[in-house]
Amino acid sequence: AGIHTDTPINLLTSPDEMVEAVYQRTKYWLEQQKMVGLLGGEHSVSEGAIRATLERHPNLTVLQIDAHADLRDEYHGSPHNHACVMRRAQTMGANVVQVGIRSVCLEEKEHIVTDNMFYAHEIVGKNPEWMDRVVERLQGPVYLTIDLDGLDPSVLPATGTPQPGGLSWYELTALLDKVFRQREVVGFDVVELCPQPDNVISDVLAASLVYKIITMKEAKSF
């Protein structure tokens, strides 16, 4: 299917340089007419990829699956922290739709777009019609960013900041199926896996999720 694994970006310098390096690498592959899927540790790696994708698709929607809103202007002295990545997407001009959120701080509330926010307690285990409402909020091409803590920790425990009450595997994949069938997904990332050496369940789920995303994209293109 033309799947290629690029070499890792290994930068142990500053958040700014990391974001720039991801931006440049993503931009390069987009110029080669490739769809880029990014595998990262913490969520801040998504910023550079979103920036590069926005340059090619100015009407981009970022669909975020996550436990946390990530809408702080800065955190621990940096605007490029993992707690700021969706705020950076907003300030770059993306339409941001947030699903599975169950942790929001006071300073983030002013940046919430109410119609684009799907809190976990409103959707998990409920009538799946909420998925259609999510798809309705996706304007233009879609960049998919999946923080694995968006899933319930009973499904995926190996993540850095787990929160109870998240999506199930089947809720997540049913939503993705609708998104890929009804919208054009032009990039994605899967982030925040924090492996536990004695338990590979989360590692297998993350790998299976990436494989499923690629499969959904390929099925749409045939």
Side-chain angles (χ1 to χ4, degrees), residues 1-66 70 78-82 84-99 138-148 150 172-173 175-177 179-193 195 203 205-222:
I3 300 168
H4 170 71
T5 303
D6 200 359
T7 55
I9 295 174
N10 293 313
L11 280 178
L12 302 177
T13 50
S14 71
D16 304 62
E17 290 174 317
M18 180 276 295
V19 169
E20 181 65 19
V22 174
Y23 162 73
Q24 292 293 347
R25 186 79 66 88
T26 305
K27 180 179 178 180
Y28 169 79
W29 285 116
L30 291 176
E31 289 173 348
Q32 311 310 309
Q33 306 301 314
K34 304 299 183 182
M35 175 176 170
V36 178
L38 177 68
L39 308 182
E42 62 150 68
H43 211 159
S44 59
V45 301
S46 307
E47 182 183 337
I50 292 171
R51 175 181 155 202
T53 308
L54 257 171
E55 287 183 354
R56 293 186 69 84
H57 303 282
N59 59 334
L60 187 73
T61 289
V62 176
L63 172 58
Q64 173 202 14
I65 313 297
D66 205 325
D70 293 346
S78 173
H80 305 296
N81 190 281
H82 65 89
C84 310
V85 64
M86 288 303 107
R87 180 61 185 145
R88 296 286 73 77
Q90 287 180 336
T91 58
M92 286 187 282
N95 173 44
V96 175
V97 177
Q98 304 179 278
V99 175
L138 306 178
Q139 305 162 7
V142 175
Y143 181 95
L144 174 65
T145 178
I146 301 180
D147 184 327
L148 290 167
L172 173 59
T173 55
L175 172 62
L176 296 183
D177 183 63
V179 171
F180 275 92
R181 287 178 184 276
Q182 299 181 44
R183 295 293 186 269
E184 180 189 10
V185 178
V186 294
F188 74 93
D189 63 63
V190 176
V191 299
E192 297 277 357
L193 179 69
D203 307 37
L205 186 151
S208 298
L209 179 60
V210 172
Y211 183 81
K212 187 170 283 290
I213 289 170
I214 293 171
T215 303
M216 288 178 176
K217 178 63 176 179
E218 288 301 313
K220 178 71 179 292
S221 66
F222 292 144

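Atoms considered below: every heavy atom in the structure, side chains included; atoms not considered: hydrogens, waters and symmetry mates. Numbers here simply count residues along the sequence, with the first being 1.
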- R181 atom CZ, neighbour heavy-atom count above 12 within 6.0 Å: no
- Which atom of A94 lies closest to which atom of V62, heavy atoms considered: CB-CG2, 3.8 Å
- Item | Shortest non-hydrogen contact from T173 toward K212 | CG2-CD, 3.5 Å
- For L144 and L176, work out which heavy atoms get closest and say how close. CD2-CD2, 3.7 Å
- When rounded to the nearest 0.5 angstrom, what is the spacing between CG in D177 and CD in Q182? 9.0 Å
- How many angstroms lie between atom NE2 of H4 and atom CD of Q32, to the nearest 0.5 angstrom? 11.0 Å
- Heavy-atom closest pair (L38 atom, A49 atom, distance to 0.1 Å) is CD2-CB, 4.1 Å
- Query: Roughly how far, to the nearest 0.5 Å, is CD1 of I214 from CZ of F188?
  - Reply: 5.0 Å
- Query: So, H43 and T145: side-chain donor and acceptor under 3.5 Å apart, yes or no?
  - Reply: yes
- Mind checking the OG1-CG spacing from T26 to D6? Nearest 0.5 Å is all I need. 9.5 Å
- So among H82, H80, R88, which one has a side-chain hydrogen bond (donor to acceptor under 3.5 Å, both in side chains) with E47? H80
- Spacing of CD belonging to E192 relative to CG belonging to L148, to within rounding of 0.5 Å: 8.0 Å
- So, does T61 use its side chain to make a donor-acceptor pair with the main chain of Q139 at under 3.5 Å? yes
- Would you name the heavy atoms of V186 and P141 that are closest together and state the gap between them? CG1-CB, 3.8 Å
- Closest approach of S44 and N81, non-hydrogen atoms and distance? CB-C, 3.9 Å
- Donor-acceptor pair, R183 side chain versus V142 backbone, under 3.5 Å? no
- Message: As an exercise, state the distance from CG of L205 to CG of L193, rounded to the nearest 0.5 Å.
- Response: 9.0 Å
- Are E20 and K27 within salt-bridge range, i.e. N to O under 4.0 Å? no
